[in-house]
Amino acid sequence: MASTLKLPANCVVVQQQRRAVLAGAGTSRLDAIGFNWKQRVSSSSSSAMNMIPKMSISAIPNQSLDKSLPKNKIDIPIMVNSCSGKMGKAIIQAADSAGLSVVPASFGSAEESGQTVQVGSNEILIHGPSERERALASLLEKYPNLIVVDFTVPSAVNDNAELYCKVGVPFVMGTTGGDRDRLYKTVEDSQVYAVISPQMGKQVVAFLAAMEIMAEQFPGAFSGYSLQVMESHQASKVDTSGTAKAVISCFQKLGVSFDMEQVQLVRDPQQQLEMVGVPEEHLSGHAFHMYHLSSPDETVSFEFQHNVCGRSIYAEGTIDSVIFLAKKVHSKAEKRLYNMIDVLREGNMR
């Protein structure tokens, strides 16, 4: 039994079973990193029933599609911090496509301070740490509807959020890490509007929401099942994916015993090419996750897989978050702190 989640028109759906990864010849490669798929399905001579439903999400940007602007488009100036990074560049490209105005300023490191970088048709001046507050206050005065987008580094999460709240600038925070409790308290105390989410991919967030609903309504449904998790990201990502942690948390609520330390991280490009099946052009930016559940007697198994190539899925979700937040600010909504579930529930994504 197989099922594929349908993605919107700006993505091409690719269902690849990756036989070499999950069974047969690929088994030895998986074993090499401790991922044992040999016992995933019992012998065909067994009278037991094998149930292997597969849910696979693969998002690959389709550059040929021309996205129409939303009919209720409003003028939104945005400041993209860490604009010279790969994620920053992807967000600026998505903002340009959506008709948003990218302001010619961004936060960067002390070494980058004073430099002007070209991102698409935008010339952007980088402000170092010592200039941040003055620069941000000046930008807000010039662009009263300004919204900041933050995809910087985990160590900067709390300091940046405190600055945005001090100056009074609404912001979208996609950066992971930092002290999350402190982050939320900073926003709540300041009453500044913000969307905070470590996962900006709309379809992935919808999948996570479905997992949360299942865990809430059917606690213990997978009691006794064993879980194997493998996730592959670009070599520069050293920590375990926050998305993987969220999915695992749902499985734990469903009764599965699993320690986060058991997650198999694949960061070697050669293994990603040969074992996981990551396209070579996306080795520098991808997120491939596989979750395998087995019943206690190994007669039933379930597999969940979501593969993302590139960064466009996150950039598009970020722009939807910006538009969502601008509307909340404009309408003076009582609620100030939002996440991507709130953006999804609004129901008017591009």
Side-chain angles (χ1 to χ4, degrees), residues 61 63 67 75-167 169-178 183 192 194-201 234 236-237 284-285 287 310-326 350:
Q63 303 297 340
K67 303 175 183 65
D75 181 33
I76 309 170
I78 68 168
M79 176 186 190
V80 180
N81 286 331
S82 194
C83 70
S84 59
K86 292 178 180 178
M87 193 65 224
K89 291 177 180 178
I91 291 169
I92 290 174
Q93 181 180 358
D96 287 340
S97 297
L100 275 61
S101 302
V102 178
V103 302
S106 177
F107 291 165
S109 66
E111 293 74 21
E112 296 174 306
S113 183
Q115 296 180 13
T116 299
V117 298
Q118 187 80 29
V119 183
S121 59
N122 304 279
E123 287 191 357
I124 301 173
L125 176 64
I126 306 296
H127 296 278
S130 63
E131 306 170 328
R132 298 186 317 151
E133 184 172 346
R134 178 186 56 79
L136 187 59
S138 176
L139 285 168
L140 182 59
E141 183 177 352
K142 185 174 182 180
Y143 305 98
N145 298 322
L146 179 68
I147 290 179
V148 173
V149 173
D150 190 297
F151 274 86
T152 53
V153 293
S155 60
V157 164
N158 293 108
D159 287 345
N160 283 355
E162 287 167 7
L163 175 61
Y164 305 149
C165 291
K166 179 180 179 180
V167 176
V169 183
F171 66 96
V172 172
M173 174 70 76
T175 312
T176 59
L183 170 62
V192 164
V195 173
I196 299 176
S197 177
Q199 172 58 259
M200 288 291 178
Q234 58 274 9
S236 60
K237 182 174 178 59
S284 63
R311 295 174 173 83
S312 63
I313 186 174
Y314 310 119
E316 291 293 336
T318 299
I319 296 306
D320 280 334
S321 297
V322 168
I323 295 172
F324 165 90
L325 193 61
R350 297 168 302 119

For residues 140-149, which side-chain donor-acceptor pairs fall under 3.5 Å, sequence neighbours excluded?
none

Over all heavy atoms of both residues, which pair between [X] and [Y] is shortest? Give the atoms and the distance, please.
X	Y	result
G178	V157	CA-CB, 4.3 Å
A90	A315	O-CB, 3.5 Å
G201	Y314	N-CD2, 3.7 Å
I319	I91	CD1-O, 3.9 Å
G177	P154	CA-CB, 4.0 Å

(request) Please identify each residue that fulfils salt bridge (charged side-chain N to carboxylate O under 4.0 Å, His left out) with E112, with sequence neighbours left out. (result) none

(request) Report the residues that fulfil side-chain hydrogen bond (donor to acceptor under 3.5 Å, both in side chains) with K86, sequence neighbours left out, ordered by chain and then residue number. (result)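 In terms of side-chain hydrogen bond (donor to acceptor under 3.5 Å, both in side chains), with neighbours along the sequence ignored, K86 is linked to no residue.
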
(request) Taking side-chain hydrogen bond (donor to acceptor under 3.5 Å, both in side chains) as the test, write out the residues that go with Y164, two or more places apart. (result) N81, D150

What residues form a side-chain contact (heavy atoms from CB on, under 4.5 Å) with [X], not counting sequence neighbours?
X	result
S197	Q199, M200, M340
V117	C83, V119, I124, I126
A156	T152, V153, N160
A194	F171, V187, I196, L337

(request) Output the distance between atom OG1 (T318) and atom CZ (F151), rounded to the nearest 0.5 Å. (result)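 With rounding to 0.5 Å, OG1 (T318) is 3.5 Å from CZ (F151).
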
(request) Can you run down the salt bridge (Lys or Arg N to Asp or Glu O under 4.0 Å) pairs that involve residues 124-135, sequence neighbours left out, and say none if there aren't any? (result)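 Every pair satisfying salt bridge (Lys or Arg N to Asp or Glu O under 4.0 Å) with a residue in residues 124-135: E133-K166.
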
(request) Please report the C-alpha distance between H127 and L136 in whole Å, then the side-chain angles of each, then the deciding distance to 0.1 Å, and finally whether the side-chain contact (heavy atoms from CB on, under 4.5 Å) criterion is met. (result) CA-CA 10 Å; H127 296 278; L136 187 59; over 6 Å; no

(message) Does anything in residues 115-126 form a side chain to side chain donor-acceptor pair (under 3.5 Å)? List the pairs, not counting sequence neighbours.
(response) D96-N122

